[in-house]
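Here is the structure we will look at, set down as C-alpha cells.
Chain A is the first sequence line, chain B the second, and so forth, proteins listed ahead of strands; every chain is numbered from 1.
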Protein chains: 2
Amino acid sequence: MAVTMRDVAKAAGVSPASVSFALRGDPRIKQETARHIIDVANRMNYSVNITAKSLRSGRTGVIEAAVFQLDRPFYAQLLAGVSNAAFDRGIQAVAQQISTGKVGHEKSILEKVANKFCDGVILSAGGLSDAEIIELSRGKPVVLLDDQSYQGPFDSVFTPCENGAEAAVTHLFEIGCERVGLVGTDFMPADQACRSMRVGDRRLIGCHRAFERHERTLTKADTIQLFDWGTDDAYRAVSRRIEEGDFPFDGLFCMTDAIAFGALRALREHGIGVPDDVAVIGFDGVREGSYSAPTLSTIAVDIDKLAREAVDILCERIEEGRCGAPAMPKHVTVGYEVLVRESSNRTR
Amino acid sequence: MAVTMRDVAKAAGVSPASVSFALRGDPRIKQETARHIIDVANRMNYSVNITAKSLRSGRTGVIEAAVFQLDRPFYAQLLAGVSNAAFDRGIQAVAQQISTGKVGHEKSILEKVANKFCDGVILSAGGLSDAEIIELSRGKPVVLLDDQSYQGPFDSVFTPCENGAEAAVTHLFEIGCERVGLVGTDFMPADQACRSMRVGDRRLIGCHRAFERHERTLTKADTIQLFDWGTDDAYRAVSRRIEEGDFPFDGLFCMTDAIAFGALRALREHGIGVPDDVAVIGFDGVREGSYSAPTLSTIAVDIDKLAREAVDILCERIEEGRCGAPAMPKHVTVGYEVLVRESSNRTR
DNA sequence: CTGAAAGCGCTAACAT
DNA sequence: ATGTTAGCGCTTTCAG
C-alpha cells in the first residue's frame, strides 16, 4: 500500500492535520515544523491521494474535454490547446473520446466519467439534446463547443460559422469562380437554415449570404452532402459526383479542412487541376493544411483562442460552484482569418 | 448537492448497503427489491460518486494514456485505439498531453494525475529515465510505448523499429534507388546504435542492416538530423539541405510519416519529383498518408494492435494488483506492412 | 501553534 | 434477504 498522510505524521511525530497544513503551505504551521514535515514526506516518497482529497474537498482539479474523435486534426489541435490552457492555470486537463465508431455509445461513455471525477467538462456535444446534456452534466459545469441550440441555456464557445463561411465563398467568387459548390452540408433554404443551429447549417447560412450578395441563388444542386465529416466520406462523395458527370463546379467550399483533404484527393485522382480548374477552400485552419499538395486555403479559426475561452469560462463556473445550467450563459465566438494558400491562389 | 446513496436508500425505504448491492446487480438482493431500488434511483437521477467509490475500492475504472502531443497523428490514432480497446473492456480511457511545448514540464504534469485518479497509465515516455518512471508510477502499473530501455524493467509495447526500417530501406533499394537518405535520425555506427534503444536509433539499426545487405555503407552523410520529429522541423531541414546543394538522394526514408509530410513539401517546393527523382517512404501508417499528394508509402504499423496490447497488458497488471515494476515484464512488438503508395511507386 | 475528531459517499464484512 | 457498521485517506472545524 502507498504511504499515507498518517504514516508521514507518525514518522514526523506530528498529527495528520499538521501534515495536511504543512504540505499545502498553510501559515498556521510554524515554518520550522513545516519544513521538517515536508522533508519527511519527501523522504518517504509521499504524495497525496487525490481520490481522498477530492471526496473531502469536492474538487478534483481536473477538467475534461470530450470530443467525438481524438484523431481528427481539428479536435486534436483543440485538445492540445485545452491542455495548454489548463496547464497555465495550474489544473489538469484530460481528453476523452465519446464515440466508438458505433452509434449510440456517446451517452453511455459520457455517463460514466464525464461528470464524476472531474470538476467540469468541455463538450463537443454533437447530437445530444439540451435535456440530455443537462442530465449528463448533473450538477457539474459544462461548456459546449458549437452548441446546437445556439444561444441556448449553456455556456458555449463557437467557431465563426456564418461569417467564416461567408468569407470563404466570397473569396471564391472574388477570384473568379462562377460555380461554387459546397461540400458537407445538407441544402436547405436560407430561412430554414436560420432556424437550425447545427454547425453545417450555420455555415450554410453564411454561404447563402455570400451567394445573395453576388446575386446568385444557392440551390440543392450546389451542395454535396456527406454522412459524417470524415476525409474518407468526402473523398468518396466528391469522387462519385465527378464520375457521375455531375460536377459543374469551378470552386469548392468544404465545411472542414478534413473534408477538403478528401476533396483534394478526389479532384487529383480525376485529373482536375487545383486551383486552375477548381479552387478549393476549407474551414478550420488545421496545421495539416500547410502540408497538403496543393496547400489548402482555409478559414483559419483561432483554435487556441477557442480552447482558452472554453477553459476560462469553465474555470469561472467551477469557482462559482455552479450547479446545472448557468443563469446567464456565456456565448463566445472566436475570430478567423482567410488564409489563401495554393488551393485557391489564382490571379483573376 | 448531488443526490447520494443515502438519499436513495431513504426514499426506497432500505439501507444504503442494499442500494449499493442492488445497483451493482449483486444477487444477494431479491429481484423485486432490487428492481424497486433501481427504479427509485433512476427517478431521483442518482449516479454513484466515483470519487467515493474509488476511495473505498481502490479502483477508479479509468486508465490514462499519456503522450507528448495530442495533435500528432500517430499519437492521436493510438489514443483513439486505446479508447476503443478500453471501451470494449468496459473501462474508461482518458488521454493526457504531457508536453506543453516548454521543456521540463513532462514530469510536473505527470506527477499530478497520472498515478492518482487512474488505475494505470500507458506512457509514451520519451526522455524519462527508468528511475524517474518508477518514481512517477509509484505503485500503479505502467505500460510504456517504445520504452527507451528496451527489454527493461517495465511492460512495454513496441513499434517494429528495426525490422520496419530495414524493410523500408530495402524497398527503396529494390525499386532502384542508388542513394538512400535517412531523415530524422542521428547518425551513429551500427555497433553504437545497438547499444541505444531510442526509437530513432533502433530504426537506424534496421537501416544499417538494409545497407549492409545491399553492400553499401551507411555514413553520416546519408542522414538528415532533426531536432524534434515534427513536420515543420522536417520541412525546414530538408529544404535547407536542398538549398545548400547537399542533397544527392534519390530515395528518402523518413523516420515517421509526419516527417515524411514535411519532406514531401520541401521536395515539391524545390521542384523535385516524387517518386521519379526521389522516392519517399515513411513510418507509422497514419491515415493522412493516403491523402497526401503524392500518397505516402509507409511502414504501416498495426496501431490498433499496439493500442489493444497496451490496454490488455495494463488491465492484466491492474487485475493482479501490481505495485511497482513487474517481476516478469512483458515486451510486445507489433507487426507492420510495407504499404507502397505513390511516393515510392516506380517501375524499376 | 498543533492535535483530536468528524465526516465526504461509498463498499463489504459481519450481524440480524 | 437485508441492515449495521467500520473504515478508505483526506480536510477542516473546534479545542487545547
Rounded distance in Å - [atom1] ([X]) to [atom2] ([N]):
X: B:N49; N: D:dC8; atom1: CG; atom2: P; value: 18 Å
X: A:F21; N: D:dT11; atom1: CZ; atom2: C1'; value: 7 Å
X: A:D26; N: D:dC10; atom1: CG; atom2: C1'; value: 15 Å
X: A:R59; N: D:dG9; atom1: CZ; atom2: P; value: 24 Å
X: A:R24; N: C:dT2; atom1: CZ; atom2: P; value: 16 Å

Let's see if you can work this out: which of [options] has an atom nearest to the side-chain heavy atoms of [X]?
X: B:A52; options: C:dC10, C:dG7, C:dA12; result: C:dC10
X: B:S15; options: D:dC10, D:dG3, D:dC8; result: D:dG3
X: B:R56; options: C:dC1, D:dG7, D:dT13; result: D:dG7
X: A:A17; options: C:dA4, C:dT2, D:dT11; result: C:dA4
X: B:M5; options: C:dT11, D:dT12, D:dT2; result: C:dT11

Does [X] make a side-chain N or O approach to OP1 or OP2 of [N] shorter than 4.0 Å?
X: A:S20; N: D:dT11; result: yes
X: B:R28; N: C:dA12; result: no
X: A:S18; N: C:dT2; result: no
X: A:T33; N: C:dT2; result: yes

Worksheet item: Do B:S15 and B:S18 meet the criterion of a side-chain donor-acceptor pair at a distance under 3.5 Å?
Response: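 Judged by distance alone, the side chains do pair up.
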Discussion item. Heavy-atom nearest nucleotide on DNA chain D for B:L55 versus A:K53: which residue maps closer to 5'?
Written reply: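 Residue closer to the 5' terminus by nearest nucleotide: B:L55.
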Discussion item. Donor-acceptor check, side chain of A:T33 to backbone of A:I29, threshold 3.5 angstrom: yes or no?
Written reply: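 Flag not set: sc A:T33 to bb A:I29 has no pair under 3.5 Å.
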Worksheet item: Out of A:K305, A:K330, A:R89, which residue meets the salt bridge (charged side-chain N to carboxylate O under 4.0 Å, His left out) rule with A:D312?
Response: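 Going through the options one by one, the only one that passes is A:R89.
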Discussion item. Does the plane of the ring in A:H331 sit parallel, tilted or perpendicular to the ring in A:F158? Use 30° and 60° as the thresholds.
Written reply: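 Ring orientation of A:H331 relative to A:F158: tilted.
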Discussion item. Rounded at 0.5 Å granularity, tell me how far SG in A:C315 sits from CD1 in A:I63.
Written reply: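 With rounding to 0.5 Å, SG (A:C315) is 5.5 Å from CD1 (A:I63).
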Discussion item. Counting the atoms with a prime plus P, OP1 and OP2 as sugar-phosphate, which does A:S54 contact under 4.0 Å by heavy atoms, base, sugar-phosphate, or nothing?
Written reply: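 No contact at all - A:S54 keeps every heavy atom at 4.0 Å or more from the nucleic acid.
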